[in-house]
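Below: one structure, written as structure tokens.
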There are 2 protein chains.
Amino acid sequence: MEHRIERIKKQLHSQSYKLTPQREATVRVLLEREEDHLSAEDVYLLVKEKAPEIGLATVYRTLELLSELKIVDKINFGDGVSRYDLRKEGARHFHHHLVCTECGAVEEIVEDLLEDVEKIVENDWGFKVKDHRLTFHGVCKKCQEKELKASS
Amino acid sequence: MEHRIERIKKQLHSQSYKLTPQREATVRVLLEREEDHLSAEDVYLLVKEKAPEIGLATVYRTLELLSELKIVDKINFGDGVSRYDLRKEGARHFHHHLVCTECGAVEEIVEDLLEDVEKIVENDWGFKVKDHRLTFHGVCKKCQEKELKASS
DNA sequence: TAATAATTTATAATGATTTTAATTGACACT
DNA sequence: AGTGTCAATTAAAATCATTATAAATTATTA
């Protein structure tokens, strides 16, 4: 964890931003809850436990900044809130998501499944792909099993 | 166009909703501006030209309804607004988008490029895919050409 | 036609996010 | 240590998209 904080610190410095205590607290929350997809409000409440004086606006600004630097990705699953998701270290691309329409669970797919598709887009549409967002909506394994049991 | 209105009317009726004048005016705007990706506000302003008495809330409700019936898709490109996009007739899936980070233009890809990827997701993750959302961010053909000229 | 249900309107409310203005804090120079 | 500068933070207010509410209107059924 310290190693990743160090790296992020360097990334900030390289654009002449500083890793202030508030920013560090925010990053730590994101690292600890890496599997989750927290909203700004969620992050705010968690950061407050470490640094009670922090303001919501600062969290927003920090997340916005981290987003610009591609340290976190800002996602939107259609409910009214933006969610923030730490990029895997070294990942060039946004990872994919599976959203279950039954239980709301969100799984992540880290593998890049789109290499072939991107080639097609670049060749056929002349579009230089820099990043992508892919979300599947459907029914997760657990909910399928539940359905099976319920109908048997 | 009348044909598509008819079809949408039937789709509404099949769920015992009515095609009210306000709803029809809204659908007509969407049909006329099929290539665009209008926000609720955009739609509202355009519908107002046909039916000046309509209220913004009605447009929202109508778009929500059309969205539930999968007649339009609600998309979110990351700016704070939801946009509404008419589904191609008979399309089972959401279509894909290419968003240019230089000029903001949005192109559509109607072809389904994800059949193979969906198979992988279903097999390897046990996730039953119902729909998907895929957006590429990058540089469109026009902007690439502009860049080339500028650097020569 | 009377009663019922669905829809719309206008307005107000909500809730997420952003902006503002004032304050604080860190760092560089003297 | 003292001062100036500039980025960062806070708290509060403002903004913006969207949703809820209540009253009025329209369509539908009995």
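Order of the sequence lines sets the chain letters (A, B, ...), proteins ahead of strands, with each chain counted from 1.
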**Prompt:** In Å and rounded to the nearest 0.5 Å, what is the CZ to CG distance from Arg92(B) to Asp112(B)?
**Reply:** 7.5 Å
Using whole Å, what does the distance between atom [atom2] of nucleotide [N] and atom [atom1] of [X] come to?
X: Tyr17(B); N: dT8(C); atom1: OH; atom2: C1'; value: 16 Å
X: Ile54(B); N: dT7(C); atom1: CD1; atom2: P; value: 14 Å
X: Leu45(B); N: dA17(D); atom1: CG; atom2: C1'; value: 14 Å
X: His13(A); N: dA8(D); atom1: NE2; atom2: C1'; value: 13 Å
X: Gln22(A); N: dA11(D); atom1: CD; atom2: P; value: 11 Å
X: Lys48(A); N: dT9(D); atom1: NZ; atom2: C1'; value: 13 Å
X: Gln15(A); N: dA7(D); atom1: CD; atom2: C1'; value: 16 Å
X: Leu65(B); N: dT7(C); atom1: CG; atom2: C1'; value: 11 Å

**Message:** Which label fits His132(A) and His93(A): parallel for a plane angle under 30°, tilted from 30 to 60°, or perpendicular past 60°?
**Reply:** parallel
**Prompt:** Would one find a side-chain N or O of Thr20(A) under 4.0 angstrom from OP1 or OP2 of dT9(D)?
**Reply:** yes
**Asked** Do you know which two heavy atoms are closest between Ala40(A) and Leu56(A), and how far apart they sit?
**Response** O-CD1, 4.4 Å
**Protein-to-nucleotide contact annotation, 5' to 3' order, nucleotides 23-30 of chain D [B base; S sugar-phosphate only; - none; under 4.0 Å, heavy atom]** = -----S--
**Request:** For each nucleotide in nucleotides 11-20 of chain C, reading 5' to 3', give B when a protein heavy atom comes within less than 4.0 Å of its base, S when such contact involves only the sugar-phosphate, and - otherwise.
**Result:** -----SBBBB
Considering only NZ, NE, NH1 and NH2 on the basic side and carboxylate oxygens on the acidic side, decide whether [X] and [Y] come within less than 4.0 Å.
X: Lys141(A); Y: Glu107(A); value: no
X: Glu64(A); Y: Lys74(A); value: yes
X: Glu2(B); Y: Arg28(B); value: yes

**Request:** Report yes or no: does Glu102(A) contribute a side-chain atom to a donor-acceptor pair with the main-chain N or O of Cys140(A) at less than 3.5 Å?
**Result:** no
**Request:** Without swapping roles, check the side chain of Gln22(B) against the backbone of Thr58(B) for a donor-acceptor pair under 3.5 Å.
**Result:** no
**Request:** Quickly, which of Arg133(A), His37(A), Arg83(A) forms a side chain to side chain donor-acceptor pair (under 3.5 Å) with His97(A)? Name it, please.
**Result:** His37(A)
